Protein chains: 2
Amino acid sequence: MTPPVNTSGSTKERILAAAEVLFAQRGFDGASLRQLTSSAGVNLAAVNYHFGSKEKLVEQVFRRRLDALNARRLTALAKIAGVENTTLEDVLAAYIRPALDLSHDDSGALFMRVLARAFAEHDDTLRQFLSENYGHVMRQFTTEFARLLPQLSKPELYWRIDLVTGALTHAMSGFGMIQRKSDVSEHTHREQTAQHLIGFAVAGLSHP
Amino acid sequence: MTPPVNTSGSTKERILAAAEVLFAQRGFDGASLRQLTSSAGVNLAAVNYHFGSKEKLVEQVFRRRLDALNARRLTALAKIAGVENTTLEDVLAAYIRPALDLSHDDSGALFMRVLARAFAEHDDTLRQFLSENYGHVMRQFTTEFARLLPQLSKPELYWRIDLVTGALTHAMSGFGMIQRKSDVSEHTHREQTAQHLIGFAVAGLSHP
DNA sequence: GGCCAGTTCAAACGATCGTTTGAGCATACG
DNA sequence: CGTATGCTCAAACGATCGTTTGAACTGGCC
């Protein structure tokens with residue numbers, strides 16, 4: 001009967017965990033601080049005390065996941081960038097697999113939906129934040145794509161990367177009709193997703 | 001100094017037009033009825049009088065555009081479905097071009113963003129409405145894709161269509177970094193978008 | 001004119017939002 | 001012990017939300 005309450009970790013951590021869940025479920029505006037603090041088992045005023053405002057809480061939710069995600073992406077890319085026998089599949093795997101690994105635990109999977117939602121909401125403040133803090137990641141990957149696809153003009157390459165981004169966002173956020181069957185393990189499903197994504201993206205990027 | 005006011009058409013039409021703009025700009029929750037009625041130049045109570053509630057207004061905004069869009073998609077598909085020498089490009093064109101034509105006028109382009117936002121918001125009510133009213137359209141296209149791609153298993157085909165959908169939604173809603181240059185006409189830009197989308201989708205759907 | 005259905009209007013309603021307040025509690029340090 | 005610091009709490013603040021109300025206005029019809 002009592003609302004679900006998370007009782008582990010510090011107040012700040014409980015708020016961040018509950019925020020990730022509720023933002024994914026109801027959006028940034030849709031999730032109220034009263035729902036959030038109630039599900040986190042903390043006082044209403046705790047958000048403003050620890051984070052200053054709801055908007056700064058949103059920023060922290062993003063920062064916590066994206067820092068780890070993009071660090072792993074860049075690490076994976078650094079191992080293969082510029083190497084002679086690197087393939088398109090390798091670069092795409094460096095981009096996709098950290099995101100799918102992140103979605104291994106439940107709250108990480110929810111975060112991918114938060115991220116996709118942020119894209120969809122066209123919030124200029126948030127887009128600027130993403131561009132400022134993580135734009136260099138996309139730029140490094142684009143450079144590597146350009147090296148492996150020298151036959152494509154710059155506009156052509158940008159177009160194709162843009163379309164791949166759409167497919168990735170769509171698949172990773174669980175938008176589509178494809179849902180994990182109950183007889184397929186989470187790990188298997190993730191591996192299938194990665195392979196479909198990479199095969200699809202390679203074809204879309206490199207077609208004549 | 002006065003807020004922008006639309007003074008043409010009936011009250012209902014003014015509300016629908018203003019709603020499409022504001023929903024695209026600020027989302028369904030973000031756009032308030034006071035902003036909406038003010039920008040439409042009608043009284044605040046007019047929405048509840050003519051539509052019953054804000055939620056029913058949202059439904060009408062969708063219905064008005066989607067009925068026309070999907071009718072044109074099915075008309076285009078009927079001309080080529082089952083025909084022997086029909087290509088994948090033809091089917092994709094029947095799906096994509098009506099959407100791009102719709103986005104010819106400004107409010108139509110805004111509607112594509114409304115649609116993409118609805119997808120992203122994971123609103124179950126809205127998704128059920130879309131599935132109930134327009135699911136048959138996607139089903140007919142899927143049948144035709146299956147005929148033209150007999151080498152693909154059903155799960156494989158569904159995966160690829162899902163990824164194509166993601167790319168289409170992304171491109172048509174203007175999410176991405178690709179923006180129309182000022183020295184490119186609207187018509188030219190739309191044609192380029194269609195060609196990039198179709199080429200990309202053909203490669204993604206039919207790769208070995 | 002008198003009446004009536006359709007529409008518009010200003011004003012208010014109750015609910016919910018993010019944020020602030022000030023008292024109360026715990027722990028650590030002199 | 002006294003007190004300072006970090007944190008939590010219930011309560012309230014003002015603003016804004018979707019919706020409802022009842023009167024005022026509109027045109028056509030007898």
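The structure displayed is predicted, hence computed values, not measured ones. Atoms considered below: every heavy atom in the structure, side chains included; atoms not considered: hydrogens, waters and symmetry mates. Every chain is numbered from 1, with letters handed out A, B, ... down the list of sequences.
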Requested in this report: Would you tell me if any nitrogen or oxygen in the side chain of A:Ser53 comes within less than 4.0 Å of OP1 or OP2 on C:dG18?
Outcome: no

Requested in this report: First locate atom CG of B:Leu130, then atom CZ of B:Arg63, and finally report the distance between them rounded to the nearest 0.5 Å.
Outcome: 10.0 Å

Query raised in the report: Under 3.5 Å, is there a donor-acceptor pair linking the side chains of A:Glu132 and A:Gln128?
Result: yes

Report task. Between D:dT8, C:dT8, C:dA11, spot the one nearest the side chain of B:His50, thanks. Result -> C:dT8

Query raised in the report: Which one, C:dA12, D:dT21, C:dC17, comes nearest to the side chain of B:Leu44?
Result: C:dA12

Query raised in the report: Can you check the B:Lys12 NZ to C:dT8 P distance for me, whole Å?
Result: 11 Å

Query raised in the report: Should the ring pair B:Phe129 and B:Tyr134 be called parallel, tilted or perpendicular, given that the plane angle runs from 0 to 90° and is split at 30 and 60?
Result: perpendicular

Report task. Report the distance from atom CD1 of B:Ile15 to atom C1' of D:dG18, rounded to the nearest whole Å. Result -> 14 Å

Query raised in the report: Just how far, in rounded Å, is P of D:dA11 from CZ of A:Arg34?
Result: 13 Å

Report summary line: Regarding the side chain of A:Asn43, the nearest nucleotide among D:dT8, C:dT21, C:dA12 is D:dT8

Query raised in the report: Separation of B:Asn48 atom CG from D:dG18 atom P, in whole Å?
Result: 9 Å

Query raised in the report: Nearest of C:dG18, D:dT19, C:dT21 to any side-chain atom of B:Leu33?
Result: D:dT19

Query raised in the report: Closest to the B:Tyr49 side chain: C:dG6, D:dT8, D:dT21?
Result: C:dG6

Requested in this report: For D:dT16, take OP1 and OP2 only and decide whether either is under 4.0 Å from a side-chain N or O of B:Ser32.
Outcome: no

Query - B:Phe200/A:Phe200 under ring pair (Phe, Tyr, Trp, His ring centres under 6.0 Å): CA gap, chis, key distance, verdict - result: CA-CA 10 Å; B:Phe200 183 87; A:Phe200 183 88; 5.8 Å; yes

